[in-house]
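Only one structure is covered here, and it is reproduced in the block below.
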Amino acid sequence: MIVADKKPVEEIIEYVKDHSKILVLGCNECVTVCEAGGKKEVGILASTLRMYFANQGRDAAVDERTLERQCDHEYLEEIRDIADQYDAIVSIACGVGIQFTAEKYLSIPVYPGVNTCFLGVTEQRGLWTERCQACGNCILAYTGGICPVSRCAKRILNGPCGGSSKGTCEISKDLDCAWQLIIDRLKAIDRLDLYEKMFPIKDWSTDRAGGPRKVVREDVQI
Amino acid sequence: MRLTYPTSIRIVRVPCTGKVDVGHLLRAIEKGADGVYVVGCKEGECHYKKGNFRARKRVEQAKKILASIGSDEGRVEMYNLSSSDAPLFVKYAGEMDAKIRNLGPNPLKKKNRRAA
Amino acid sequence: MSAKTPSKLEKIMAAGHLGVTSECGPPRGSDPDTIREKAELLRGYVDAVNVTDNQTSVVRTSSLATCIHLKLMGIEPVLQMVTRDRNRIALQSDILGAASFDIFNLLCLSGDHQSFGDNPQGQNVHDLDSMQLVWTARKMRDEGKFLGGADIKRPPQMFVGAAANPFADPFEIRVPRLAKKIEAGAEFIQTQCIYNLDKFELWVKQAQDRGLTEKTYIMAGVTPFKSAGMAKYMKNRVPGMDVPDDVVKRMSDTPKEKQAEEGVNICIETIQRLKELDGVKGFHIMAIEWEEMVPDIVKRAGLYPRPEID
């Protein structure tokens, strides 16, 4: 899923302090699972903002709404009728949802209420870790299903580097060395032979290096 | 034991303090409660193992949020006691009551009324 | 192995002599005299001088510019290049730039993570990794072609090397990884500082068993301790460093005023023991901010005078 983290309230207040009709807009998908932008967080943020305005003696309305998704037209259309009532939207969906909301509601300022972090997993409650950088050219078949692009601090394709120590990365003892994991895994599936070949220079044009990306699927287009 | 506790206190019963969310605590203050405190089982004695620890974390979070918008974080507190310990319940009720009286009325109450 | 490039370092090792290199860290400023003074200390005692590339991710004068200073002084440089700061365009471009000054040695590295340095908030590049940089440099030299496929007019003539850390984990792939680097085209290997000699000897033996020591020149890395504190720091703080307890103890059991001398003794004993190893073809003496000790170490280790090769 897309993992996001809450922005400090102070930062959000800085964005909205001059507005008086605000919609806090959540999303029921990834950000709900990572407890940063679902219905519950909408309630907390909206309540916080209402108390802030009251403390300032400001007469401002802060409403709450959570959509099924903010990355699809049909769900974003659900606020079409009410959007005009607001002079600001704080979206606590991921960066994708925030942008799509902004694109759809051109005349209303849309502010981010979360920092979008990475594509990752819930390792345990309250701990999310990165797994994929969406490089657009998957190499997991050769690396035992563990990605050096997203999990090695130097995205080394022929690792591990000299900084790998007792299974951890040189930048932090709390971080697994991706190449240690890859080697352990290749061993487990009896494919250490894959390690012996040098991994050729990667084509990064499918990564962000190639500019904003597009997937066009004529077979599913109507 | 016909013990008494301050009449200012309204009890909201929940199955476990683990059910109490940050949003509940904030909303109570937002709507004008002068204070809100959570009374959970003693630490380590939660029937659901970690409910009261969760509650404590949420109380801490609510305090942080209140502080960040210039409200008094002391209006939210957490206490732990054994469910059969009525004297301690009364003691904490008295403590909280005194603490809130000391802080004075929730300023949001007045502002809400004015806005309405 | 016979020499394929004009590199003096390569010629010396190809002739069967033990090669000796040291290093010169560029200054945190632009004063060329500091470079010249450091290099002058090493003149005649080593065959080539490595110039580090923003080591530990701290901004310094560029490796290439420093190499040019050395070259103009008549001292043979080894250009170190890390893949952290430049993409494949800049790397190929700098290789050509170095070649235009007839810099004949290149050491390819991935580089310490930027979080160790003075710009921890910076981006890193890692378009290529160190192995792929070795491969790129060899392609440029041997095929006379850029990565893009076009011909290079006057291709670089570089003796291409890589680093190896026999002590990093997991140990079991350290030799396979060396094999990969050699396959990528590494003609010489400079190792991480060696303090655990038993482990190093095991690594060399395993490399020898795979025939790797006949395909590349392994230069054993040594660094003299200046103090017991440095030994402890290297043991505990430097990633991928293996300093056995008895070495640390030997340093800390030495009175403070004699520790530097003892550190040099350990370094010389290391060289003397490893000289006897068939698989070791040279030494890389990294006297960190202690260049003035290098002549003494070279002499006392029996590596002086350096052979003359034209």
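Every value quoted in this text rests on a predicted model; they were computed, and no experiment measured them. Throughout, a chain's letter reflects where its sequence line sits, starting with A, and its residues are numbered from 1.
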Taking every non-hydrogen pair under 4.5 Å, which of [options] racks up the most with chain A?
{"options": "C:Ile173, C:Asn165, C:Asp242", "result": "C:Ile173"}
{"options": "C:Thr83, C:Asn124, C:Asp127, C:Leu109", "result": "C:Asp127"}
{"options": "C:Met241, C:Arg88, C:Gln192", "result": "C:Arg88"}

_C:Phe225/C:Tyr195 aromatic ring centres below 6.0 Å_ =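 Under 6.0 Å, so yes.
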*Ring centres under 6.0 angstrom apart (A:His19, A:Tyr86)*: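 No, too far apart.
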*Cation-aromatic face contact C:Lys281/C:Phe188, 6.0 Å, 45 degrees*: no
Side-chain contact test, heavy atoms from C-beta onward, threshold under 4.5 Å: evaluate it for [X] versus [Y] and give yes or no.
{"X": "A:Glu123", "Y": "A:Arg131", "answer": "yes"}
{"X": "C:Phe146", "Y": "C:Thr136", "answer": "no"}
{"X": "C:Lys180", "Y": "A:Glu196", "answer": "no"}

Contact origin within [X] toward chain A - heavy atom pairs under 4.5 Å:
{"X": "C:Leu133", "result": "neither"}
{"X": "C:Glu183", "result": "side chain"}
{"X": "C:Asn87", "result": "neither"}
{"X": "C:Gln114", "result": "neither"}
{"X": "C:Arg174", "result": "side chain"}
{"X": "C:Val238", "result": "neither"}
{"X": "C:Ser130", "result": "neither"}
{"X": "C:Asp112", "result": "both"}
{"X": "C:Asp169", "result": "both"}

*Over 60° means perpendicular and under 30° means parallel, so classify the ring planes of C:Phe200 and C:Phe167, tilted if in between.*
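The arrangement is tilted - the two ring planes meet at 30° to 60°.
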*Determine the minimum heavy-atom distance between C:Met286 and C:Thr191, stating which atoms define it.*
CE-O, 3.7 Å
*Which pair of heavy atoms, one from C:Arg177 and one from C:Met131, lies closest together, and at what distance?*
NH1-CE, 3.4 Å
*Separation between CD1 of A:Ile183 and CG of A:Leu194, rounded to the nearest 0.5 Å*: 12.0 Å
_Interface moiety of A:Lys166 toward chain C, non-hydrogen atoms closer than 4.5 Å_ =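 Its backbone and side chain both get close to chain C.
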_Part of A:Ile201 within contact of chain C (heavy atom distance under 4.5 Å)_ = both
*Among A:Phe199, A:Trp204, A:Tyr195, residue most engaged with chain C (heavy-atom pairs, under 4.5 Å)*: A:Tyr195
*C:Asp53 side chain to C:Ser63 backbone, donor-acceptor under 3.5 Å*: no
_Can you see whether A:Asp5 engages A:Asn115 through a side-chain donor-acceptor pair at a distance of less than 3.5 angstrom?_
no
*Cut-off 3.5 Å, side chains only: do A:Asp184 and A:Gln180 have a donor facing an acceptor?*
yes
*For chain C, find its close neighbours in residues 31-50 of chain A: heavy-atom separation under 4.5 Å, sorted by number, or none.*
none
